[in-house]
2 protein chains.
Amino acid sequence: MKQPFHHGSLKLALLDASVVLLDMHGPDGVTIRAVAREAGVSHAAPVNHYKDRETLLTALATVLFKDLLACVIKKLRSEDLLANERISVFATVLFEYAMTHPNRYRLLWHTGLVDHSDPELLDVMNQFYGACCAEISGAKMCTNRDVETYAIALWSMVHGYIDLRLTGMFEARNDTVSGHPRLEAMLELFQNSGRTKS
Amino acid sequence: MKQPFHHGSLKLALLDASVVLLDMHGPDGVTIRAVAREAGVSHAAPVNHYKDRETLLTALATVLFKDLLACVIKKLRSEDLLANERISVFATVLFEYAMTHPNRYRLLWHTGLVDHSDPELLDVMNQFYGACCAEISGAKMCTNRDVETYAIALWSMVHGYIDLRLTGMFEARNDTVSGHPRLEAMLELFQNSGRTKS
DNA sequence: ACATTTTAATTGACGCTGTCAATATAGACT
DNA sequence: AGTCTATATTGACAGCGTCAATTAAAATGT
């Protein structure tokens with residue numbers, strides 16, 4: 001038994017097709033029927049693997065979130081960094097991912113299309129939050145009982161900036177190939193907030 | 001001439017109907033046909049006033065954004081506040097608006113449904129940004145050339161936190177009827193970032 | 001090996017949507 | 001009155017999500 005059925009492993013092929021459509025046409029372009037066409041199967045074939053559109057897009061978001069988290073972890077491991085640099089890397093990887101794949105980032109937070117109460121997705125998001133807390137904690141910029149506040153503030157700031165940028169505010173004139181001056185200035189501001197505890 | 005036509009002023013009635021549907025069923029529930037039904041007209045009547053769905057929802061978002069801005073301005077005028085308190089009020093009004101009317105807040109930033117390059121909407125958003133900058137500037141927490149960075153950081157943090165909350169992260173256990181401890185802690189953190197310039 | 005059961009894919013249908021074209025009607029203007 | 005414009009209605013079309021009925025392939029049991 002090499003191929004379980006006609007197509008082989010349609011479940012994975014549907015996710016691949018979804019990413020292609022997502023990048024090309026945005027979240028709204030990832031319809032069940034379009035995904036089926038892209039994968040070369042009939043319009044109702046996907047229902048065997050994902051019971052409705054929300055389920056498909058939630059699975060897709062879960063995969064993308066895992067990729068992004070892996071991306072962050074890999075980058076943090078590959079370089080020898082100071083604690084405050086690690087926070088910058090965390091933010092920068094997120095930001096560059098969003099600018100490189102705007103539609104993928106949009107899907108991750110699309111409440112109308114993705115079910116954010118899905119256990120598997122929730123698990124990845126909590127791992128992400130955990131990683132964020134670990135970096136804040138490692139930077140020793142606040143007391144232990146403030147770690148969550150600082151972590152939420154950092155994530156909120158980065159996510160909020162990305163979201164505002166993706167809607168067209170604060171146009172790209174801020175950015176260059178070698179860096180993101182605005183983001184870096186904001187990160188410096190964030191770091192400063194931890195230096196006044198006396 | 002009291003009523004220009006059958007219905008009177010359908011253009012406004014459509015916006016009213018849209019808000020009702022938005023609050024009840026979210027952005028996806030605001031379809032042209034549902035709005036027409038809610039307003040008691042035929043399914044193609046709206047096309048005379050809004051040429052397509054995106055145009056209708058962009059007009060709706062513009063109205064809601066104006067309301068929110070008016071809300072902020074009114075609150076800032078009605079009370080006698082210190083500069084740093086004004087920043088908190090700015091953030092808190094935004095936050096409470098989003099928690100009271102989550103679907104309205106979601107629509108404001110829904111890139112798939114709203115055209116954020118629309119001149120009228122862009123104008124309101126720029127006024128909003130201007131108001132944010134004015135408060136940062138008034139608080140004298142940074143040099144003039146850093147005002148934009150601080151304003152963007154503040155708006156990003158508040159917007160990001162709202163957005164994360166609306167997707168279900170950081171559940172409401174943080175909030176009480178009298179306050180929003182987490183938000184307040186984050187605002188204090190933000191204020192601290194301005195106190196290290198020596 | 002053959003028959004049976006389970007899994008996976010197809011086809012066709014339904015009601016919903018956005019949008020357009022054709023039509024009808026109310027009001028304003030001359 | 002008659003004409004013109006703005007506004008609303010009706011009907012059609014394709015695309016969508018979803019379901020039911022059907023067919024086909026693969027796994028299983030004997």
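Reminder, nothing fancy here: chain letters follow the sequence lines and each chain counts from 1. All values reported here derive from a predicted model rather than from experimental measurement.
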Donor-acceptor pair, side chain of A:Thr167 and main chain of B:Trp109, under 3.5 angstrom: no
Candidates A:Asp118, A:Leu122, A:Asp123 - the one meeting side chain to side chain contact (heavy atoms under 4.5 Å, CB included) with A:Glu120: A:Asp118
Min side-chain heavy-atom separation A:Leu56-A:Lys51 under 4.5 Å: no
Atom-to-atom span, CG of B:Leu14 to P of D:dT7 - whole angstrom: 12 Å
For atom OH of B:Tyr50 and atom C1' of D:dT7, their distance in whole Å: 14 Å
Using the 3.5 Å cut-off, write out each protein N or O paired with an N or O of nucleotides 17-21 of chain C and the distance between them.
| residue | atom | partner | partner atom | Å |
| --- | --- | --- | --- | --- |
| C:dT17 | OP1 | B:Arg37 | NH2 | 3.2 |
| C:dT17 | OP2 | B:Arg37 | NH1 | 3.3 |
| C:dG18 | OP1 | B:Ile32 | N | 2.9 |
| C:dG18 | OP2 | B:Ile32 | N | 3.2 |
| C:dG18 | OP2 | B:Arg33 | N | 3.1 |
| C:dG18 | N7 | B:Arg33 | NH1 | 2.7 |
| C:dG18 | O6 | B:Arg33 | NH1 | 3.0 |
| C:dT19 | OP2 | B:Arg53 | N | 2.9 |
| C:dT19 | O4 | B:Arg33 | NH1 | 3.2 |

Side-chain heavy atoms of A:Phe190 within contact of A:Ile136, under 4.5 Å: yes
Aromatic ring proximity, centroids under 6.0 angstrom, B:Phe90 and B:Phe128: yes
Integer-rounded Å distance: D:dC16 C1' and A:His25 NE2: 16 Å
Degree of bending in the helix from C:dA1-D:dT30 to C:dT30-D:dA1 once both end axes are built from five pairs, to 10°: 10°
Any donor-acceptor N or O pair under 3.5 Å, side chains B:Asp146, B:Thr149: no
A:His110 and B:His110 aromatic centres sub-6.0 Å: yes
Heavy-atom closest contact (B:Glu85 atom, B:Leu82 atom, distance): OE1-N, 2.9 Å
Gap between atoms CG and P, on A:Asn48 and C:dA8 respectively (whole Å): 7 Å
